[in-house]
Amino acid sequence: MALAAGPRPPPLLLPSKAINIPNPPSFDPHSRILISVKQCTHISQLKQIHALTLRSTSPYHPKTFFLYSQLLHFSSFLDFNYALQLFNQIQNPNSFMWNTLIRACANDVNNKDQAMRLYLEMLEQALVSPDKHTFPFVLKGCAYLFDVSEGIQVHAHALKHGFGSDVYVNNSLIHFYASCGFLDLAEKVFVKMPERSLVSWNVLLEGFVQFGKFNSALNLFREMRNSFDPDGYTLQSILTACAGLGAFSLGAWVHAYLLKKCDFNLSIDVFINNSLVDMYCKCGSLELAHQVFKRMPKRDLTSWNHMIRGFAMHGQAEAAIRCFDKMIRTERFRPNSITFTGVLSACNHKGMVSDGRLYFDMMVTDYKIKPALEHYGCLVDLLARAGFIDEALDLVSTMPMRPDAVIWRSLLDACSKKNSSVELSEELARQVVESEGDIGSGIYVLLSRVYASASRWDDVGSVRKLMTDKGVKKEPGCSSIEMDGVAHELFAGDTSHPQTKEIYQMLKVIDKKLESVGYSPDYSQAPMIDELNETKQHSLKLHSERLAIALGLLKLQPGMPIRIFKNLRVCNDCHEVTKLISRVFNVEIIVRDRARFHHFKDGFCSCSDYW
């Protein structure tokens, strides 16, 4: 072994307080320096040890090579540039040294692109071969940079070098492909693995959750339980999947498992508890979310953000603002962009226009946070739905970024509800079509409602024809209800459910009871054609949430709330019907639609009919 020749530094004595170097007679210089390296906590100390090494050891001594590998190892954590300089002084570095530097690159945000460069240099020199530790570090850098082509080449190299069955290399490949969005390739690697560790399952689970494949994540979790017990990473991924699906029963099971089976430190972990708060909020149980939040021994900014957004999506604007005030005044947290999205959303769901303006200005002026599209979207929707359509339009015209379809849809929705001019609605729709191109069915449906409210049925027909010509189909309403841990999906007018006959019989029972309390249908959001009232009423009766409510009344135990998750916004008629059902059948109904939660009980809704 030899080190690259270079001028020796002037003698440098280590201050006794800097590093404690034992000096018993039996210790050679290498052993004493090695102990010092392991005690090192600062780069200045390491530089002194490096100088001592140059001065007191022979570059040709066998132990010097190992000593330099340790110097490189520790310097890679303290100062990457110094580690690189040290590496360049070593002739014929071994695989551990190459891996040390590649790992340092992969772990450093500013140098991740250097991981592949070093790997290619290692191959070019051909003095040592990559081993099973090399590939995970290189793939980590590729995953961070979304460098798919380079990562695929590294995969090929791993196979060529005989690591196709190595569990660590395969775990890194799953992470790489999943991070880059190639879930099919990640799953393919996973399926072919002859041996899997818990990490293998966790990495694929995380990939599914990251890209919204929540059902796939839950199916994988059920399969994993046959081989491994979940750890903290598993539970965090599953809680996120439960939040995305509204799978309250499984989320509550995870919580119970955490309390009964897991280590106490895991049960109080801030990340796990943040996931629990988020899960309960998104599954409709704000009370349980708040209980978890209050019992957390330690909270971070994410904890507060989850709770503020939870209050907001459940329509409890005053509680959201109290939570925000406590966060900044008592706990002294500095809010971020996500915090203000939650606060503005709370104001929006309650129609608190002056408060919305106040907090938007506070975000910009007091906290110097540059408003993002989400903040403008909240404020535009708040203003428009409260009737300040001109002010909302002025805000859109002064936004520094291009409005998206959500903002235009908010304005159109407000126009249809506030009976604004047809001409304004047409102009808004035209701008959406010109700016967005592929805009989906939402804008067409809203425009048709504007025409319908003005009884311009020929124009309603023209919108329908335009949708047909462009191949645009109205997004079907879909509601899901969880019973006994199983999610049942029902579409508007659905007849595919195994219990369709019983569901439609229950709908007739509901209709009779509604008639007895004076229910009168609201046809304002019925289909986009001038149909007879009987036809419209039949269409309204078959909206997906009504089918889900009927199934819930049939199958759930008395006293249990019916939890429904819908992909679209609740229409006026279904909102009124659900209020009546909650009173007539004495049942609590919790509905999460595209925008927010509605809690129906005793004939009232938590939104106070403002949504």
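Scope of the values below: all heavy atoms of this structure, side chains included, with no hydrogens, waters or symmetry mates.
- Inspection of the S303 and D300 side chains reveals an N or O donor paired with an N or O acceptor under 3.5 Å.
- No more than 12 heavy-atom neighbours from other residues, nucleotides or ligands sit within 6.0 angstrom of OH on Y144.
- Here the CG-CG distance, from L580 to L514, works out to 6.0 Å after rounding to the nearest 0.5 Å.
- Shortest non-hydrogen contact noted between P561 and I590 is CB-CD1, 4.3 Å.
- Heavy atoms of other residues, nucleotides or ligands lying less than 6.0 angstrom from CD of E206 number 12 at most.
- A salt bridge between K350 and D355 is absent, with no side-chain N of the basic residue lying under 4.0 Å from a carboxylate O of the acidic one.
- With no hydrogens or angles considered, no side-chain donor-acceptor pair links S345 and N348 at under 3.5 Å.
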Could you walk me through whether H157 and F163 pass the ring pair (Phe, Tyr, Trp, His ring centres under 6.0 Å) check?
-> CA-CA 9 Å; H157 291 174; F163 296 108; over 10 Å; no
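- A 4.5 Å side-chain heavy-atom check between I338 and R309 finds at least one atom pair inside the cut-off.
- The two residues K566 and E545 have their closest heavy-atom pair at NZ-OE1, 2.7 Å.
- The local environment of NZ in K601 is sparse, with at most 12 non-hydrogen atoms from other residues, nucleotides or ligands closer than 6.0 Å.
- Residue I238 holds its CD1 atom at 11.0 Å from CZ of F208, rounded to the nearest 0.5 Å.
- Distance check: L556 CG to L551 CG gives 7.5 Å after rounding to the nearest 0.5 Å.
- The shortest distance between side-chain heavy atoms of F137 and N107 does not fall below 4.5 Å.
- You'll find the side chain of F585 reaches within 4.5 Å of the side chain of I510, heavy atoms only.
- Under 3.5 Å, the side chains of H375 and S337 contain a donor-acceptor pair of N or O atoms.
- Aromatic ring centres of F96 and H133 lie farther apart than the 6.0 Å criterion allows.
- Residue-environment remark: OH (Y610) exceeds the threshold of 12 foreign heavy atoms within 6.0 Å.
- Using a 4.5 Å heavy-atom cutoff, the side chains of L547 and S479 are not in contact.
- With no hydrogens or angles considered, a side-chain donor-acceptor pair links D131 and T134 at under 3.5 Å.
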How far apart are the C-alpha atoms of N336 and T339, what are their side-chain angles, what is the distance that settles it, and do they pass the side-chain hydrogen bond (donor to acceptor under 3.5 Å, both in side chains) test?
-> CA-CA 5 Å; N336 62 8; T339 315; 2.9 Å; yes
Give the intermediate values and the outcome of side chain to side chain contact (heavy atoms under 4.5 Å, CB included) for residues H155 and Y177.
-> CA-CA 10 Å; H155 186 179; Y177 284 123; 2.8 Å; yes
Evaluate the criterion side chain to side chain contact (heavy atoms under 4.5 Å, CB included) for residue pair H255 and L259; output intermediate values, then yes/no.
-> CA-CA 6 Å; H255 191 185; L259 296 174; 3.8 Å; yes
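- Annotation: side chain of F565 is not in contact with side chain of E482 (no heavy-atom distance under 4.5 Å).
- Counting heavy atoms of neighbouring residues, nucleotides and ligands inside a 6.0 Å radius, atom CG of N265 exceeds 12 of them.
- When each of Y359, Y367, F360 is tested with F340 by the rule ring pair (Phe, Tyr, Trp, His ring centres under 6.0 Å), just one qualifies, namely Y367.
- Here the closest heavy-atom approach between residue C283 and residue A247 is recorded as SG-N, 3.7 Å.
- Inter-residue side-chain proximity for W201 and T234 is flagged as unmet; no heavy-atom pair is nearer than 4.5 Å.
- A ring-centre distance under 6.0 Å is found for H575 and F600.
- Between W304 and F324, the ring center distance fails the sub-6.0 Å criterion.
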